[in-house]
Amino acid sequence: MIVRAEHWFREQPDVIACQVGGRSPAATTYGELSRSVDHAVAVLAGAGIRPGMRTGLLVPPGPELGALAVALVRLRAVPVLVDPGLPLGAIKRCLRQAALEAFVAIPAVHLARRLLGWAPDVRVSVTVPSRRALGSAWPSGVPARGLRPGEPSAGPDDLALIAYTSGSTGPPKGVPLRHRHLAAQLSLLGALGTVEPGTPVLSTFAPFALGAAAFGATVVIPDMDPRHPVRADPAALVADIRRYRVAGMFAAPALLDRLARHCVTHDLVLDTLGDVVSAGAPLPMPVMDRLRGCLRDDARVLSVYGATECMPVAAIESRLLAEHAAATAAGAGTCLGPPLPGTEVRVIALSDDPVERWSADLAVPPGAIGEIAVAAPTVSDPYLDDPEATALARIRDGDRVWHRMGDVGRFDEQGRLWFAGRKSERVRTAGGDLHTDQVEPVFAAVPGVRRTALVGVGPAGAQRPVLVVEREPGSRDDARVTADVLDVAARHPHTAGLRDVLFHPGFPVDARHNSKIRRSELARWAARRVRPGRP
Ligand SMILES: Nc1ncnc2c1ncn2[C@@H]1O[C@H](COP(=O)(O)OP(=O)(O)OP(=O)(O)O)[C@@H](O)[C@H]1O
């Protein structure tokens, strides 16, 4: 990754690497970024950052973050990236688990660290002034000492960074990624053809922005609070997309929906956008349709499937997704597309127990539903300091390792993978398991329904399925929506047993993408409103 970024410093010094959008725009070229990296290397090394040091990096998206990330990698330190939108207690837990030795952050984060007792063992602390150019605003008086000539750069097996899962089904888990994992991610991202040198790409997710810079793109950073991506102002996003002639965009489904709704209301077409990448959760069919309506006819919308532990696994373009719309609406799940090159996917029997070693009898018959398992060069190291979670997620197979995605899915006859829901969120009724993504899309077209979440109330094996509905703003009354939902439910064998419909004002969602519904939380909420078991 570092090698690739350095390549663009030399190759296209005058091309804009980072364009901060919004009301205080600022552009940084690759040449300027290169000088910022040199400066940051000198400052970080002078402050005492050494190879292998785990370094919390809590700096908002922008050229500073880019320069610091490259500088840390050049110093062979290990950046630790934590989602800023997590609850404070979860941030503390992540930082403690990472056993940080150094901390690079903006003043507000340093203040929080001191007040809340985050990362008490940190020996090196570096403050980055908020939203200012590194070169001018960096504290002076620090002994500048860069890399000594001949110092080795990071190799493929060296630890590159520590990321965290988004924590939508439990506490976030630490994911150590080596340089070879990142290289494999970038090569698959490159093959998707969405990021080109010098092309303006807008990203609402910092790691994708860093990845785009590795391709020499002009990364447009919108003025938004990274703690709440879904609250980003769609009018400001549209303004950035137009002003900087953005050709590619990365955003999670919930934010794409917000953007598309704004465009529909104001009759806008985003005619510079040729490529939109969505990831983090299924791209619901109504969202995809709405989004397509705001793009050029030849624009591509790619829904990418993967996880922090192995990204990307599969991808599907909206036209192919649309071909499966009827199947999805009938309860087949969401098509994820074929596995990407070099990524082997198998479907194994559903179980909540660890599986130590691979054996042939783990695989389900072709087409049957089970847990999605992946073996690929992108599969990360075991979880940080969490042998229990690792045992539940990894299967050894000679010199390979299978990563259990914790997702339920299947293959179709064309070798395409389908998503049925998350394993831990399946609803276990007396009549068998119900999978959330085979149920919720059935109700996507019911008037007044914005989205739904299937949850179970009661003990596993005797759970009562409850459909929780989030209404369209200003929509019809509850009784009519309920009647329509139950009417649609009665038309499909797998939903015919549904009796309970509840209305919720706003679903709890994950901190990173604000797109994954936190169904375990909704299940507790529902349990207070319906009686368990059959009436
Ligand atoms: N295109 C997609 N379609 C369907 N689901 C997706 C897609 N992209 C990502 N996901 C979901 O996101 C999951 C990966 O999310 P991530 O790595 O951010 O953490 P998480 O698994 O949600 O976190 P935790 O394990 O802490 O709950 C996948 O396993 C899958 O459930």
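Quick note: residue numbers are just sequence positions, from 1. Whatever order the structure lists ligands and atoms in, that order sets their numbers, starting from 1.
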| Identified side-chain hydrogen bond (donor to acceptor under 3.5 Å, both in side chains) partner of Tyr383 from the options Glu309, Lys173, Gln97 | Glu309
| said: Please classify the Leu336 to ligand 1 contact at 4.0 Å (heavy-atom distances, strictly less than): side chain, backbone, both or neither. | reply: side chain
| When you measure from atom 30 (C) of ligand 1 to every protein heavy atom, which one gives the shortest distance, and what is it? | Asp407 OD2, 3.2 Å
| note | Quick look: His513 vs ligand 1, heavy-atom contacts under 4.0 Å, and the answer is neither
| message | Among residues at least two apart in sequence or on other chains, which ones pass side-chain hydrogen bond (donor to acceptor under 3.5 Å, both in side chains) with Arg428? | response | Asp433
| said: Consider salt bridge (Lys or Arg N to Asp or Glu O under 4.0 Å). Of Arg451, Arg450, Arg261, which one does Glu472 pass it with? | reply: Arg261
| field | Ion pair Asp289/Arg292, N-O distance below 4.0 Å | value | no
| query | Going by distance only, is there an N or O of Gly167 that falls short of 3.5 Å from an N or O of ligand 1? | reply | yes
| For atom 21 (O) of ligand 1, which of Glu309, His403, Arg422 has the closest heavy atom? | Arg422
| said: Please check whether Val304 reaches ligand 1 - meaning an N/O of the residue sits under 3.5 Å from an N/O of the ligand, judged on distance alone. | reply: yes
| query | Which atoms from ligand 1 have a heavy atom of Ser168 less than 4.0 Å away? | reply | 20 (P), 22 (O), 23 (O), 24 (P), 26 (O), 27 (O)
| query | For the residue pair Ser380 and Pro176, what are the closest heavy atoms and their distance? | reply | CB-O, 3.5 Å
| What closest approach, in Å, do Asp437 and Pro282 show between heavy atoms, and which atom pair accounts for it? | OD1-CG, 3.9 Å
| remark: Quick note on ligand 1: atoms under 4.0 Å from a heavy atom of Ser303 include exactly 1 (N)
| said: Could you tell me, atom by atom, which parts of ligand 1 come under 4.0 Å of a heavy atom of Arg512? | reply: 18 (O)
| Which part of Thr308 is near ligand 1, with near meaning a heavy atom under 4.0 Å away: side chain, backbone, both or neither? | both
| Considering only heavy atoms, does Ser278 approach ligand 1 within less than 4.0 Å through its side chain, its backbone, both, or neither? | neither
| remark: Closest to atom 9 (C) of ligand 1 (heavy atoms only, candidates Pro312, Ser520, Gly280) is Gly280
| request: Using the test side-chain contact (heavy atoms from CB on, under 4.5 Å), find all partners of Pro366 that sit at least two apart in sequence or belong to another chain. | output: none
